[in-house]
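Accompanying notes for the structure given below.
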Amino acid sequence: MSERPQVPGWRSRLEDGSRRLAAWADSTVVGRLWQRLLEMEFVDRSVALAAKSFVSLFPLMVVAAALSPDRVRAAITSSLETRFGFTDESLALVQGALAAPEQIRSATGVLGAVLTLLYAVSFATAVQRVYLRAWRRPSRGGLRDKRRGLLWLGGILAFLALIGSVARIVTGPPGTATALVLGLVLSTLMWWWTAHVMLRGEVRWRPLLPTAVLTGVGASLYAVAASVWMPRVLAGNVAQFGFIGVAMSMVTWFVGFAFLVVACAALAPALTDGEDRVARWLRGPDDDVLAPGAPPSLPAPAQQARLLDMLRSSRSELDET
């Protein structure tokens with residue numbers, strides 16, 4: 001008597017279907033983006049970037065505004081107010097927690113200015129690590145990267161001054177619309193240049209375009225959303241913790257913005273890894289994202305990262321500290 005062929009049970013069919021579904025999900029842009037974020041340890045990297053923003057970049061902006069001429073200081077201050085979504089009441093709370101420009105100028109000596117700049121360069125280095133990890137670029141270090149960090153910091157301050165000047169010059173509904181469109185364009189160009197500088201020019205311009213567009217548009221939308229929730233968060237924190245609540249509110253803003261920067265940095269390599277029309281266009285006619293003469297990228301991890309492993313690693317690091 002011949003034996004009947006075994007028919008897979010419902011559990012086997014379910015497991016096979018789950019594996020096929022997981023393989024298909026990993027091959028999509030969303031799946032590749034998620035894997036790239038896990039590989040970058042995006043939670044830890046975003047929180048670290050936000051912390052460095054508050055203790056390094058924000059003091060540089062405050063000192064630079066205080067040491068600048070009146071028009072430049074007004075432009076930088078106006079741009080920061082817009083980005084953080086401060087209203088008149090919330091701005092008064094922040095101004096009460098910060099020293100006046102005259103006090104900052106008198107208290108900031110040569111050594112203090114140099115230290116503030118060095119701390120800000122460490123923030124630029126943290127931003128560079130985000131882009132290098134996203135594109136799996138080898139780390140070099142050295143003075144050349146520090147010079148790139150200084151150049152980028154100067155570009156950020158110039159961008160804030162320019163955006164603030166435009167917002168103060170144009171008035172009325174037509175002027176507001178013009179300032180909004182111009183702000184989106186300048187923000188996109190600034191983040192396009194940022195990715196190019198932070199990657200040391202080793203990645204072509206075209207593959208960096210999705211990161212630039214989404215970061216520029218996302219930053220503008222984040223600033224608009226901050227005008228709704230930031231005043232409430234600031235008022236609540238100040239009422240509960242006093243002026244230290246101003247610092248807590250600023251950190252909250254920086255954390256959200258850091259997640260935006262990290263996610264947008266990971267999106268471009270996730271797009272270029274595919275075989276669809278968009279990926280081929282981003283890679284260009286040479287079918288390569290790297291600029292001529294750039295060293296090869298680091299290999300992908302042998303095993304796909306998982307969110308649970310990343311959380312366990314973060315927890316073990318906290319336990320050790």
Side-chain angles (χ1 to χ4, degrees), residues 25-54 57 83-85 123-137 139 152 156 159 183-184 186-199 203-226 228-230 250-274 276 278-279 282 289 297-298 300-301 304-311 313-314:
D26 290 340
S27 65
T28 62
V29 174
V30 176
R32 294 196 301 270
L33 174 61
W34 179 244
Q35 286 299 324
R36 190 73 62 143
L37 288 172
L38 293 179
E39 179 184 337
M40 294 171 61
E41 299 177 338
F42 71 99
V43 175
D44 292 345
R45 197 156 297 276
S46 299
V47 173
L49 189 63
K52 281 185 173 291
S53 300
F54 179 70
L57 181 63
R83 293 286 166 177
F84 285 106
F123 167 75
T125 303
V127 175
Q128 185 178 39
R129 290 196 189 101
V130 170
Y131 287 94
L132 293 177
R133 286 288 298 272
W135 286 93
R136 296 173 182 155
R137 303 303 301 150
S139 178
W152 180 74
I156 288 291
F159 167 76
L184 287 174
L186 292 177
S187 182
T188 299
L189 292 176
M190 192 273 293
W191 284 106
W192 202 4
W193 173 75
T194 294
H196 178 76
V197 170
M198 293 305 176
L199 290 167
V203 178
R204 299 176 187 266
W205 284 95
R206 187 186 294 185
L208 300 175
L209 184 58
T211 289
V213 173
L214 285 181
T215 310
V217 175
S220 300
L221 294 177
Y222 187 72
V224 173
V228 177
W229 61 265
M230 187 66 174
M250 300 290 288
V251 170
T252 301
W253 188 95
F254 278 120
V255 168
F257 188 75
F259 272 100
L260 172 68
V261 171
V262 172
C264 292
L267 177 63
L271 287 173
T272 57
D273 282 347
D276 53 90
V278 174
L282 289 174
V289 299
S297 300
L298 299 175
Q304 288 186 340
R306 296 187 306 167
L307 181 60
L308 182 60
D309 296 335
M310 185 186 66
L311 294 177
S313 175
S314 302

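All values derive from a computational prediction rather than experimental measurement.
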#### Entry: ring-ring contact (aromatic ring centres under 6.0 Å, His included) assessment of W253 paired with F257
CA-CA 6 Å; W253 188 95; F257 188 75; 5.2 Å; yes

#### Entry: Ring geometry between H196 and W205 (parallel below 30°, tilted from 30 to 60°, perpendicular above 60°)
parallel

### Task
Start with the C-alpha gap between W135 and L208, add the side-chain angles, then the distance that decides, and say whether side chain to side chain contact (heavy atoms under 4.5 Å, CB included) holds.
CA-CA 10 Å; W135 286 93; L208 300 175; 3.8 Å; yes

Heavy-atom closest pair, residues [X] and [Y]:
X	Y	value
S46	A258	O-CB, 3.2 Å
S187	A219	OG-CB, 4.5 Å
G274	A279	O-CB, 3.2 Å
A265	A134	O-CB, 3.5 Å
R32	L271	NH2-O, 4.0 Å

Any [X] side-chain heavy atom under 4.5 Å of [Y] side chain:
X	Y	answer
D273	R36	yes
T252	M230	no
V261	W191	yes
P210	L282	yes

### Task
For L49 and F123, run side chain to side chain contact (heavy atoms under 4.5 Å, CB included): C-alpha distance rounded to whole Å, both residues' side-chain angles, the deciding distance at 0.1 Å, then the answer.
CA-CA 7 Å; L49 189 63; F123 167 75; 3.7 Å; yes

### Audit row: F42, W34, ring-ring contact (aromatic ring centres under 6.0 Å, His included) steps and yes/no
CA-CA 10 Å; F42 71 99; W34 179 244; 5.8 Å; yes

Rounded to the nearest 0.5 Å, how far apart are [atom1] of [X] and [atom2] of [Y]?
X	Y	atom1	atom2	value
M190	F159	CE	CZ	4.5 Å
F259	Y222	CZ	OH	10.5 Å
T188	L209	OG1	CG	8.5 Å

### Task
Take T194 and W152 through the test side-chain hydrogen bond (donor to acceptor under 3.5 Å, both in side chains) and record every step on the way to the result.
CA-CA 7 Å; T194 294; W152 180 74; 2.8 Å; yes

Taking [X] for its side chain and [Y] for its backbone only, find out whether a donor-acceptor pair lies under 3.5 Å.
X	Y	answer
T272	P269	yes
T211	C264	yes
R137	L132	no

### Query
Is R129 atom CZ crowded by more than 12 heavy atoms from other residues, nucleotides or ligands, each under 6.0 Å away?
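12 or below, so no.
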
### Message
Please determine whether side chain to side chain contact (heavy atoms under 4.5 Å, CB included) holds for the pair V127 and K52, giving the CA-CA distance in whole Å, both sets of side-chain angles, and the decisive distance to 0.1 Å.
### Response
CA-CA 10 Å; V127 175; K52 281 185 173 291; over 6 Å; no

#### Entry: Under-4.0 Å salt bridge between E39 and R133
no

